[in-house]
Amino acid sequence: MSKETTDWWRGAVIYQIYPRSFMDSNGDGIGDLKGITQKMAYIASLGVDAIWLSPFFTSPMKDFGYDVSDYCDVDPIFGELADFDELIAKAHQHNIKVIIDQVLNHTSDQHPWFKKSRSSRDNDKSDWYVWVDAKPDGTVPNNWLSVFGGPAWHWDSRRRQYYLHNFLDSQPDLNFHNPDVVDALLDSVRFWLDRGVDGFRLDTANYFFHDLELRDNPPKQEVVEGSIGVSLDNPYGYQLHLYDKSRPENIAFLECLRTLLDEYTGITTVGEVGCDFSLKTMAEYTQGNNKLHMCYSFDLLTHDSSMTHIHNTMTSIEEGLGDGWPCWSMSNHDVERVASRWNDGKASGAKSKVFMAMLLSLRGSVCLYQGEELGLPEAQLEFEQLVDPFGINFWPEFKGRDGCRTPMPWENKSTGGFSNNQSPWLPISDLHLPIAVSEQQGDRHSVLHAYRDFLHFRKHHPALISGDIEFLFSDQDILVFTRTHDEEMLLVGINVGDQGHFTSPLSYEVKDIVMPEGLRIGQFENRKLILPSNSVYIGKITKTII
């Protein structure tokens, strides 16, 4: 097997699909696996290398699939195992790899393991979850907090103990200190490997182990928006999370997981890392070719869209990464859509295109979230329309995740072409219908065509996929860097500003290359890089001037 085949994930573009909202094939108002299969030609037309499917496993859906009650089956609302097998076959026919979510940190409280565990203190699953006695005064064991609000401990009257839940109280944390738990989880991973999946996205990959001494987390010296993945109105961000996650024991588990994965050919992993030291953790988890293949953090999922922030983030990871590999994303199913978040709440096709070119030119693999290729803004929902418990808890300062999870607009009509059901699980946004797939298909200057063109352009330039990166300049709006792979050395200039031009002398001779249509293109003349507002320039460096 060639290195190209086994290392396909290096520099790959992964298209994230949120199954509930992608395509409804049976008219129940909820997207499903058959719907994804029906749209595989569209996905292939984008030029992506893989799809990542958010959870479709059996679940009571308290957290919409991230509360698993059976790791080895498909929830009936999404279909059945035969539908998943058909999806894999169709994807592979289009040369698209399939990555699935694995939610290993916690299960649903409806999982048979938890039902058995909570039934008594002396059954064979009694130590499969994190059970702790109350303090003498009946209060919770320590100060750990749930991401979704309140203490990370829930009282269970049957065992008369607290159990740990880093998220909803219906999502009890598994006890990774118990080797039987680890073995059972690895068996579930093997189940999907044997069905032909090409990789796994590991949800909350740094949460698996907790501190056995249950030490209190110290307060943060400064509460800021950052890589932890919560907004400033959430008290979870007030703690320095030293003991409830990102524990050193995680490393040994990731090594064990990698040993299993290496029994198969061409498998990859991408770990989600949300912690106070995310870039350091990303490096630790991907170094050495014996843990995760790549990680992504929340560092590009914040509201800071400045090129200074991008530069600092990239430089920090490059300095500590060694032989590790990053994966970057501007959007996913948990955050406000980037078309709104990085443009003061206003959608802009020009802005979407230039941020896209920036992301796809950085060193690392890339995750794109469904609808990002359309420049979809965040859907605005009323409180009565919310279904996300996170948003319901923190409304109105934080409106939850429903605004980025509304159904995909395929056509400019009332149901968006998503379903023939007039009342889908979340409403179709009126903001999305005029920029539906059907509306953008015939417009050569649309955001959709810009994504398609740039993704195919990128495949012809190895430096953009796997080349080294060197930053030359950055400020609030401008980012200039080189990408180098073997004989190809490219100069990349990005201007996300709305005003004026940027002109800078550089010590290179540069040859223009044909850029995709639909982008505003900068220039390189007389050894000067010229970038108008919201523009991109990529050229081939032919000579360095000493």
Side-chain angles (χ1 to χ4, degrees), residues 11 279 299-300 302 304-319 321 326 328-330 338 342-343 348 350-366 450-451 453-455 457-458 460-516 518-546:
L279 299 180
D299 290 84
L300 300 190
T302 66
D304 190 347
S305 62
S306 71
M307 294 300 97
T308 303
H309 171 64
I310 301 296
H311 180 197
N312 290 342
T313 300
M314 298 300 139
T315 301
S316 296
I317 190 66
E318 289 294 327
E319 287 174 351
L321 194 60
W328 301 110
S329 175
M330 300 186 299
V338 68
W342 279 7
N343 195 35
S348 163
K351 196 74 74 178
S352 293
K353 292 175 186 179
V354 72
F355 279 125
M356 172 271 295
M358 178 211 71
L359 179 69
L360 291 170
S361 298
L362 294 171
R363 181 177 181 268
S365 302
V366 172
Y451 265 83
D453 292 348
F454 200 93
L455 283 163
F457 163 81
R458 187 175 179 270
H460 295 287
H461 293 281
L464 292 178
I465 296 173
S466 54
D468 294 333
I469 192 166
E470 180 181 355
F471 291 96
L472 305 179
F473 179 86
S474 71
D475 65 12
Q476 186 74 13
D477 296 327
I478 309 296
L479 189 65
V480 182
F481 54 93
T482 61
R483 298 294 310 275
T484 306
H485 179 270
D486 293 338
E487 299 301 313
E488 184 179 54
M489 185 175 184
L490 300 180
L491 175 69
V492 181
I494 306 287
N495 182 357
V496 299
D498 293 323
Q499 303 296 325
H501 282 57
F502 167 81
T503 303
S504 175
L506 293 172
S507 301
Y508 299 117
E509 289 183 2
V510 178
K511 179 182 179 182
D512 290 345
I513 55 181
V514 178
M515 291 284 290
L519 292 170
R520 189 174 191 188
I521 308 299
Q523 296 175 286
F524 194 90
E525 295 179 353
N526 300 319
R527 296 180 190 165
K528 288 185 179 180
L529 177 61
I530 304 168
L531 294 173
S533 61
N534 290 315
S535 70
V536 178
Y537 178 82
I538 300 178
K540 184 175 182 179
I541 296 173
T542 58
K543 184 178 181 181
T544 300
I545 309 300
I546 305 299

*Atom of D453, atom of P516 and distance for their closest heavy-atom approach*: CB-CB, 3.5 Å
*asked:* For the CD1 atom of I310 and the OG atom of S306, what is their distance to the nearest 0.5 Å?
replied: 7.0 Å
*Between F457 and V514, which heavy-atom pair has the shortest distance, and what is it?*
CE1-O, 3.5 Å
*Where the side chain of H309 meets the backbone of D299, is there a donor-acceptor pair that is under 3.5 Å apart?*
yes
*Kindly give the heavy-atom pair with the smallest separation between G522 and L531, and that separation in Å.*
CA-CD2, 4.3 Å
*Y451 to S352 - nearest heavy-atom pair and separation*: OH-O, 4.3 Å
*With distance as the sole test, does W342 use its side chain to make a donor-acceptor pair with the main-chain N or O of T302 at under 3.5 Å?*
yes
*Report yes if the side chains of P326 and L321 come closer than 4.5 Å at any heavy-atom pair, otherwise no.*
yes
*For K543, does its backbone N or O pair with a side-chain atom of E509 as donor and acceptor, under 3.5 Å?*
no
*CZ of F481 to CE of M358: how many Å apart, nearest 0.5 Å?*
8.0 Å
_CD1-CD distance between I530 and E525, expressed to the nearest 0.5 angstrom_ = 4.5 Å
*Just wondering, do L472 and L491 contact through their side chains at under 4.5 Å, heavy atoms?*
yes
_R483 side chain reached by M489 side chain, heavy atoms, under 4.5 Å_ = no
*Minimal non-hydrogen separation, S466 against H485, with atom names*: OG-CD2, 3.4 Å
*Is R363 close to M314 at the side-chain level, that is, under 4.5 Å between some pair of heavy atoms?*
no
*Is there a side-chain contact (heavy atoms from CB on, under 4.5 Å) between F471 and L479 once you walk through the steps?*
CA-CA 8 Å; F471 291 96; L479 189 65; 3.9 Å; yes
_Any donor-acceptor N/O pair, K351 side chain to V496 backbone, under 3.5 Å_ = yes
*Look up atom NE2 in H460 and atom CZ in R458, then write down how far apart they are to the nearest 0.5 Å.*
12.5 Å
*Rounded to the nearest 0.5 Å, how far does NZ of K528 lie from OG1 of T503?*
7.0 Å
*Which is it for S305 and F355 under the side-chain contact (heavy atoms from CB on, under 4.5 Å) test, yes or no, and what are the steps along the way?*
CA-CA 9 Å; S305 62; F355 279 125; 4.0 Å; yes
*Quick one: CG on N312 to CD1 on I317, what's the gap to the nearest 0.5 Å?*
13.5 Å
_For a 4.5 angstrom cut-off between non-hydrogen side-chain atoms, does L519 reach V354?_
no
*Quick one: which of I541, L490, T542, L529 gives a side-chain contact (heavy atoms from CB on, under 4.5 Å) with V510?*
I541
_Counting C-beta onward and ignoring hydrogens, is there a side-chain heavy-atom pair between I521 and D512 closer than 4.5 Å?_
no
*Determine, stepwise, if the pair W328 / T313 fulfils side-chain contact (heavy atoms from CB on, under 4.5 Å).*
CA-CA 11 Å; W328 301 110; T313 300; 3.9 Å; yes
*List the steps and the verdict of side-chain hydrogen bond (donor to acceptor under 3.5 Å, both in side chains) for N495 and Y537.*
CA-CA 9 Å; N495 182 357; Y537 178 82; over 6 Å; no
*Are I469 and L362 close enough, and set up right, to give a side-chain contact (heavy atoms from CB on, under 4.5 Å), and what steps lead you there?*
CA-CA 8 Å; I469 192 166; L362 294 171; 4.2 Å; yes
*Counting N and O atoms only, with roles assigned by atom type, does the side chain of R520 sit under 3.5 Å from a partner on the main chain of S533, one being a donor and the other an acceptor?*
yes
*Between E488 and A463, what is the shortest heavy-atom contact and its length?*
OE1-N, 2.9 Å
_Test item: I545 and R527 side chains (from C-beta on) under 4.5 Å apart, heavy atoms_ = yes
*Mind checking whether I538 and S361 have side chains closer than 4.5 Å, heavy atoms only?*
yes
